Amino acid sequence: TVIFDFDGTLAELNINFDLMRQSIDQLIDSFGIDVKRLKNSLILEKVQEVEALLETTLPGNARSFRVEAYRIIETIEVGAAANGRLFRRTKELLSSLTQLHIQTGIITRNCARAVYTVFPDLPKFCHVCICREHVNNRVKPDPYQLNYALLSMKASHHDTIMIGDHPLDIKTGKNAGTLTAGVTTGHFKEKHFIEVGADFILHEAADILTYL
């Protein structure tokens, strides 16, 4: 089984994470919470932390915050996806793996709308696609998302490699007990994947075919 990240690994979405972070921070501030006192820096984890804080202090506001936060995030993701594209060899890669009798899956911190905007015929090429709403936001690097994909395919982590363009993808694979491969088609370079102990480093995801 080969499990892929999506944005930066199989596709290019160019999500404006600076705008997303700024918008979420402004929303947090509007609910009277000091962003600088939060423990998490990743956007989804920050939203979950604030929601948990509001549940203990102002329960009535927790749901309102959650709904608006994810509306902001999804709007930015889908907007970017409208101008996104699959990498040139993505469909060839997925088709080749299927011909080799290798199962394929996608796990992503993105919403499903964004993924299917870029890749509407995804089910023809990939066995499962697990987005954040499918796992109640228990996303990478939490191994739950990867384990959920493997369970869906009745696959074992012993026979799986996790491929992604972010060190979080490598940490996810290690947390789930799979092999890992970093690809340099995103914003991170070879040295970053060496630092987190990736088993393989690829120029692009399709290069895994050479090893297989």
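Side chains are part of it too, since the values below use all heavy atoms of this structure and drop only hydrogens, waters and symmetry mates. This is a predicted model, so every value here is computed, not measured.
When the side-chain contact (heavy atoms from CB on, under 4.5 Å) test is applied to A69, the partners found at least two apart in sequence or on another chain are I24, L27, V47, F65. Q22 meets the side-chain contact (heavy atoms from CB on, under 4.5 Å) test with Q26; sequence neighbours excluded. Contacts of P143 classified as side-chain contact (heavy atoms from CB on, under 4.5 Å), with partners at least two apart in sequence or in another chain: N147, N175, A176. F6 is linked by a ring pair (Phe, Tyr, Trp, His ring centres under 6.0 Å) to nothing, counting only residues two or more places apart in sequence or in another chain. Residues passing the side chain to side chain donor-acceptor pair (under 3.5 Å) test with N136, sequence neighbours excluded: none. Applying the side chain to side chain donor-acceptor pair (under 3.5 Å) criterion to E68, with sequence neighbours excluded, gives R71. R63 meets the salt bridge (Lys or Arg N to Asp or Glu O under 4.0 Å) test with no other residue; sequence neighbours excluded. Every residue two or more places apart in sequence or in another chain was checked for a side-chain contact (heavy atoms from CB on, under 4.5 Å) with L151, and none qualifies.
Applying the ring-ring contact (aromatic ring centres under 6.0 Å, His included) rule to pairs touching residues 114-141 yields F119-F125, sequence neighbours excluded. Screening residues 140-174 for ring-ring contact (aromatic ring centres under 6.0 Å, His included) gives H166-F188 as the qualifying pairs, with residues at least two apart or on separate chains. Among pairs with a residue in residues 168-187, none fulfils ring-ring contact (aromatic ring centres under 6.0 Å, His included), at least two apart in sequence or across chains.
Using modelled atom types, no side-chain atom of E74 and backbone atom of R113 make a donor-acceptor pair closer than 3.5 Å. Using a distance-only test at 3.5 Å, with no hydrogens or angles considered, a donor-acceptor pair links the side chain of E49 to the main chain of K39. Panel note: side chain E55, backbone A62; no donor-acceptor pair is recorded below 3.5 Å. Checking side-chain atoms of E133 against main-chain N and O of A112 turns up a donor-acceptor pair under 3.5 Å.
Here the closest non-hydrogen pair linking M162 and K140 is CE-CD, 4.4 Å. Of all non-hydrogen atoms in R109 and R132, the two that sit nearest each other are O-NH1, 2.9 Å.
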For a quick test of your reading: what N or O donor-acceptor pairs under 3.5 Å do the side chains of residues 86-95 make, sequence neighbours left out?
{"unit_1": "R89", "atom_1": "NH1", "unit_2": "E204", "atom_2": "OE2", "d": "2.7"}
{"unit_1": "T90", "atom_1": "OG1", "unit_2": "L10", "atom_2": "O", "d": "2.6"}
{"unit_1": "T90", "atom_1": "OG1", "unit_2": "F87", "atom_2": "O", "d": "3.3"}
{"unit_1": "K91", "atom_1": "NZ", "unit_2": "D121", "atom_2": "OD2", "d": "3.0"}
{"unit_1": "S95", "atom_1": "OG", "unit_2": "K91", "atom_2": "O", "d": "3.0"}

* Assess whether side chain to side chain contact (heavy atoms under 4.5 Å, CB included) is satisfied between I76 and I15, documenting all intermediate values. => CA-CA 7 Å; I76 294 173; I15 297 171; 4.0 Å; yes
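When the shell of 6.0 Å around NZ of K46 is examined, it contains more than 12 heavy atoms from other residues, nucleotides or ligands.
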